[in-house]
Amino acid sequence: MFYHVKELQFNARVSKPDPRFARLLLEQFGGGNGELKAAMQYFVQAFSCKNPYPDKYDLLMDIATEEFSHLEIVGATITMLLNGVNGQMKDAVESSPLADMMNGKATKEEYIHRALFYPQFDVLTAGGPTVTDSNGAPWTGAYVNANSDLTVDLRSNIAAESRAKIVYEYLMKFTDDPYVKETLGFLMTREITHFQQFEAALDTIQPNFPPGVLQEDPRHGNLYFNMSQGQDAEGPWNEGTSTRTKEEWNRIDDPLDFVCRTNGLTDITPGDSVPSNDDLRKLDEELSRTRSQEVTSATPMEDISWSTYGEEMQPKTHRTRKVKEKA
């Protein structure tokens with residue numbers, strides 16, 4: 001059940017209309033890294049967590065709902081940046097932008113320049129946001145990543161928050177409006193907050209590496225193929241030990257020769273320092289049983305009801321922690 005409060009989560013303001021920046025800000029309304037994508041991604045992911053991970057269900061639904069709040073902030077800001085456009089477009093006299101376009105080539109080019117080469121934003125919506133990115137590409141469900149494996153989904157969310165954060169960072173470079181920058185700064189900061197929340201949630205699931213259930217094939221996990229010619233770079237990704245499995249990196253400087261000598265990588269013998277196939281099989285079976293039991297033991301198979309309408313429906317006591325009000 002959603003309950004809409006008419007006041008925004010953050011007091012979005014603009015100093016003056018700016019149709020060009022409104023078009024850029026569409027990226028965070030209906031773009032691939034925007035607020036609608038984040039809201040729908042976390043909302044969809046939450047369903048498979050309801051029984052096995054009720055605490056993560058709560059987390060995902062809370063953040064998804066906040067992302068809808070952020071979508072509202074972005075939409076409101078776009079609308080304010082377009083203030084006056086709707087009235088002008090409905091004015092049938094010669095002062096309207098459409099009428100001005102008929103007065104000569106220069107005026108028409110200036111109008112298109114104002115829209116930053118996406119004139120449909122003005123012509124088709126006349127003052128409101130569209131469910132598109134800044135180039136007019138429609139929002140699509142293909143943006144949503146949900147695999148019903150919580151360790152995979154949480155990693156997707158950490159990456160999503162990182163991308164959204166950097167888009168806000170870039171957007172700040174295209175506006176001089178202090179009010180708009182303040183709003184973007186709030187939204188950018190919440191991306192950092194959500195990053196940390198998803199990271200903390202992932203850390204509560206142990207073991208969580210590798211993602212999913214199955215372990216690696218010990219013949220291939222520590223190989224680094226030098227696939228390019230020229231000056232070679234070295235670093236912890238191809239020398240020393242791997243970050244999680246702590247296997248010694250085996251750098252293959254001549255991949256073609258190595259593939260031929262090993263019969264297409266099928267005749268490799270794992271080193272003494274890596275687990276045997278039997279050990280890995282036992283790990284697979286153990287983790288498979290653990291994850292399966294987590295889901296099946298918490299999932300009813302009859303008389304199934306999503307909600308209980310018990311104590312959780314009672315109003316929450318107002319709580320605010322570590323928030324200092326301005327004097």
Side-chain angles (χ1 to χ4, degrees), residues 4-40 66-140 143 164 166-191:
H4 181 251
V5 177
K6 296 176 180 62
E7 288 78 15
L8 296 179
Q9 182 188 18
F10 183 85
N11 185 20
R13 298 173 294 171
V14 304
S15 297
K16 59 183 179 180
D18 186 348
R20 289 176 293 181
F21 188 73
R23 180 254 176 153
L24 291 179
L25 192 54
L26 267 180
E27 197 63 38
Q28 291 302 81
F29 193 82
N33 299 303
E35 303 293 353
L36 179 59
K37 173 265 175 72
M40 291 304 300
E66 183 178 356
E67 299 291 9
F68 280 117
S69 299
H70 295 172
L71 182 70
E72 185 177 23
I73 291 171
V74 173
T77 303
I78 290 172
T79 302
M80 289 186 289
L81 289 169
L82 293 173
N83 270 1
V85 172
N86 187 273
Q88 293 178 26
M89 295 297 287
K90 293 189 183 333
D91 189 350
V93 300
E94 291 188 3
S95 61
S96 73
L98 287 178
D100 290 343
M101 287 175 61
M102 305 303 173
N103 292 335
K105 180 179 180 181
T107 305
K108 178 178 179 180
E109 290 179 348
E110 168 62 19
Y111 183 80
I112 293 176
H113 175 70
R114 279 181 50 228
L116 283 182
F117 309 107
Y118 176 28
Q120 292 90 340
F121 184 36
D122 279 349
V123 172
L124 298 182
T125 68
T130 58
V131 190
T132 69
D133 65 14
S134 56
N135 285 320
W139 189 90
T140 168
Y143 294 150
I166 202 67
V167 173
Y168 280 123
E169 194 170 315
Y170 292 154
L171 281 170
M172 287 184 183
K173 299 180 183 297
F174 289 90
T175 179
D176 295 323
D177 190 319
Y179 290 147
V180 174
K181 283 191 172 183
E182 186 181 34
T183 298
L184 299 181
F186 165 76
L187 294 168
M188 183 192 72
T189 300
R190 295 306 296 170
E191 310 296 348

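The structure presented is a predicted model; accordingly, all values stated were derived computationally and were not measured. Counting begins at 1 with the first residue of the sequence. Both backbone and side-chain heavy atoms feed into the values below; hydrogens, waters and symmetry mates do not.
Here the CD atom belonging to E169 is positioned 6.0 Å from the CE atom belonging to M188, to the nearest 0.5 angstrom. To the nearest 0.5 Å, the span separating CZ on R13 from OG1 on T77 amounts to 11.0 Å. Annotation: the span from E7 atom CD to S69 atom OG amounts to 12.0 Å, rounded to 0.5 Å. One distance of note links CD1 of I73 with OG1 of T183; it measures 7.5 Å at 0.5 Å rounding. With rounding to the nearest 0.5 angstrom, the CD1 atom of I78 is 9.0 Å from the CZ atom of F21. The line from CG of D18 to CG of N83 is 11.5 Å long, rounded to the nearest 0.5 Å.
Pairing each heavy atom of A164 with each of Q28, the nearest pair is O-NE2, 3.6 Å. Scanning both residues, F29 and G75, for their nearest heavy atoms gives CE1-CA, 3.6 Å. Closest non-hydrogen pair, E27 versus S134, comes out as OE1-OG, 2.7 Å. Here the closest non-hydrogen pair linking G31 and D133 is CA-CB, 3.7 Å. Closest heavy-atom contact between P138 and T132: CA-CG2, 4.0 Å.
Scored by the ring-ring contact (aromatic ring centres under 6.0 Å, His included) test, Y168 finds no partners at all (sequence neighbours excluded). Applying the ring-ring contact (aromatic ring centres under 6.0 Å, His included) criterion to Y170, with sequence neighbours excluded, gives no partner residue.
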Worked check of side-chain contact (heavy atoms from CB on, under 4.5 Å) between Y143 and M40: CA-CA 9 Å; Y143 294 150; M40 291 304 300; over 6 Å; no
Tell me, with the steps shown, if L36 and V74 meet side-chain contact (heavy atoms from CB on, under 4.5 Å). CA-CA 10 Å; L36 179 59; V74 173; over 6 Å; no
Please report the C-alpha distance between K6 and E72 in whole Å, then the side-chain angles of each, then the deciding distance to 0.1 Å, and finally whether the side-chain contact (heavy atoms from CB on, under 4.5 Å) criterion is met. CA-CA 10 Å; K6 296 176 180 62; E72 185 177 23; over 6 Å; no
Derivation and outcome, side-chain contact (heavy atoms from CB on, under 4.5 Å), residues R23 and N135: CA-CA 8 Å; R23 180 254 176 153; N135 285 320; 2.7 Å; yes
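Note: F10 and F186 have parallel aromatic rings, judged against thresholds of 30 and 60 degrees for the angle between ring planes.
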Result block: side-chain N/O donor-acceptor pairs under 3.5 angstrom for residues 174-181, not counting sequence neighbours:
from, atom 1, to, atom 2, distance (Å)
T175, OG1, D177, N, 3.1
D177, OD1, S15, N, 3.3
D177, OD1, S15, OG, 2.9
D177, OD1, Y179, N, 2.9
D177, OD1, V180, N, 3.3
D177, OD2, S15, N, 2.6

